[in-house]
Amino acid sequence: MSLNFNLYTYKAFGCMVLFSLLVCSPSYANTPLCQHQPHKSHPSYCKTQYKAEVQQINKLYLTSSLITNAPLRLLQDTQNMWRTRLSECKNKSCISQQFDLRSEDLNAYSSLNQSLTQHFIKYHHGQIAQPHTYLQIHQLDQNKIKIEGWVYRNPNASLDKLSFAFLSYLNNAKKTKVTNNETTCQYQFNYQKTLLQVTSTNHVTHKNCNRFTGTYRLYD
């Protein structure tokens with residue numbers, strides 16, 4: 001009985017400490033949505049009509065922070081990226097759509113095993129690049145991987161035009177030569193410890209193929 005009580009106490013204490021760090025951290029991503037802002041400066045998505053959605057996002061973000069095995073820095077940076085897109089919304093449809101999309105992402109971070117996934121975000125001159133570009137490399141089995149990614153576009157666009165997509169299935173032995181099945185664009189992936197360098201290997205320069213080129217930082 002004593003052992004079970006101690007284990008429960010330690011677990012509860014650990015959760016309290018992590019909760020304190022999340023709430024007290026100065027990070028923009030860790031500040032609950034629509035809090036600590038003067039009422040007059042509240043963006044449109046903080047209006048009363050979105051109260052339930054805001055509370056749901058804050059709850060999901062805290063839950064994900066406590067239980068995900070994805071890197072917490074990834075959670076923070078993707079939250080910042082999403083809040084930027086949310087602030088660019090100009091109508092109710094855009095706001096509702098962004099709440100739905102972020103809810104899906106946070107649920108995925110909480111419910112899916114992230115230990116077999118590598119997460120990469122494109123950087124430029126030490127800052128997250130614009131437009132936001134995100135790649136995931138999933139280990140499907142011992143010899144097969146799946147690469148998927150997104151270049152985020154104007155959040156006010158329709159759902160099918162919110163991002164440019166990247167999708168590829170390949171063997172581990174061939175993971176440096178990658179073809180995006182969505183566009184047939186071909187790339188060279190150069191893995192360098194915590195960095196990923198993506199270059200285009202197309203014989204003819206296509207503007208569309210350059211969207212995913214650049215330097216990515218691994219989140220681990």
Do we see a donor-acceptor contact under 3.5 Å between the side chains of S64 and S110?
yes
Taking all non-hydrogen atoms of both residues into account, name the closest pair between V198 and F212 and its distance.
CG1-O, 3.4 Å
Answer with yes or no whether the hydrophobic clustering places I147 together with V151; edges join I, L, V, M, F, W, Y residues whose side-chain heavy atoms lie under 4.5 Å apart.
yes
Which class fits the ring pair Y219 and Y123: parallel under 30°, tilted 30 to 60°, perpendicular over 60°?
tilted
One pair to check against side-chain contact (heavy atoms from CB on, under 4.5 Å): L106 and L75. What are the steps and the verdict?
CA-CA 8 Å; L106 291 172; L75 202 63; 3.9 Å; yes
Looking at every non-hydrogen atom in both residues, tell me the closest pair between Q197 and T215 and how far apart they are.
OE1-OG1, 2.7 Å
Looking at every heavy atom in both R211 and K122, which two are closest together, and how far apart are they?
O-NZ, 3.1 Å
Within this structure, what is the OG-OH distance for the pair S168 and Y187, rounded to the nearest 0.5 Å?
10.5 Å
How close do I57 and L33 get, heavy atom to heavy atom, and via which atoms?
CG2-CD2, 4.4 Å
Shortest non-hydrogen contact between N180 and A165, atoms and distance
ND2-O, 3.2 Å
For residues F189 and F120, establish whether the separation of their ring centroids is below 6.0 Å.
no
Would you say the side-chain atoms of S87 pair up with the backbone N or O of T84, donor to acceptor, closer than 3.5 Å?
yes
Please indicate whether Q130 has more than 12 foreign heavy atoms, meaning atoms of other residues, nucleotides or ligands, lying under 6.0 Å from its CD.
yes
Exam field: side chain D141 to backbone K144, donor-acceptor pair closer than 3.5 Å:
yes
Residue pair S200 / N210: nearest heavy atoms and the distance that separates them
CB-OD1, 4.1 Å
Derivation of the side-chain contact (heavy atoms from CB on, under 4.5 Å) call for V54 and F99:
CA-CA 8 Å; V54 168; F99 277 128; 3.9 Å; yes
Taking T201 for its side chain and Q188 for its backbone only, find out whether a donor-acceptor pair lies under 3.5 Å.
no
Treating Ile, Leu, Val, Met, Phe, Trp and Tyr as nodes and any side-chain heavy-atom pair under 4.5 angstrom as an edge, say whether L170 and L135 lie in one connected cluster.
yes
Short side-chain to backbone donor-acceptor contact, N172 and Q142, under 3.5 Å:
yes
Cluster question for you: counting only ILVMFWY and a side-chain heavy-atom cut-off of under 4.5 Å, with indirect links fine, are F166 and M81 together?
no
OG1/T133 to OH/Y216 distance, rounded to the nearest 0.5 angstrom?
5.0 Å
Any pair counted as side chain to side chain donor-acceptor pair (under 3.5 Å), so long as it reaches residues 146-164, sequence neighbours left out
H138-E148, N154-N156, S158-D160
For a side-chain contact (heavy atoms from CB on, under 4.5 Å) check, start with the C-alpha distance between Q56 and Y50, then their side-chain angles and the critical distance, and finish with the verdict.
CA-CA 10 Å; Q56 177 72 355; Y50 300 112; over 6 Å; no
Distance col, row R217:CZ vs L74:CG, nearest 0.5 angstrom, shows 12.5 Å
For the pair N91 (side chain) and C94 (backbone), establish whether a donor and an acceptor sit closer than 3.5 Å, ignoring hydrogens and angles.
yes
Quick one: pull up CD in Q139 and OG in S115 and give me the separation to the nearest 0.5 Å.
10.5 Å
About how many Å separate CD1 of I137 and NZ of K175, when rounded to the nearest 0.5 Å?
7.0 Å
Distance, nearest 0.5 Å, that separates OG1 of T78 from CZ of R73
11.0 Å
Is there a path of hydrophobic side-chain contacts, each under 4.5 Å between heavy atoms of I, L, V, M, F, W or Y residues, that connects L218 with L196?
yes
Taking transitive links into account, so neighbours of neighbours count too, which hydrophobic residues share a cluster with L162 at under 4.5 Å side-chain distance?
L101, L159
Would you find a donor on one side and an acceptor on the other, under 3.5 Å apart, between the side chain of N69 and the backbone of Q114?
yes
Any non-hydrogen side-chain atom of K51 less than 4.5 Å from a side-chain atom of Q55?
yes
A side-chain contact here means heavy atoms from C-beta on lying under 4.5 Å apart; do N190 and T176 qualify?
no
Please assess Y134 against H119 for the test side-chain contact (heavy atoms from CB on, under 4.5 Å), listing each intermediate value before the final yes or no.
CA-CA 8 Å; Y134 183 18; H119 302 267; 2.8 Å; yes
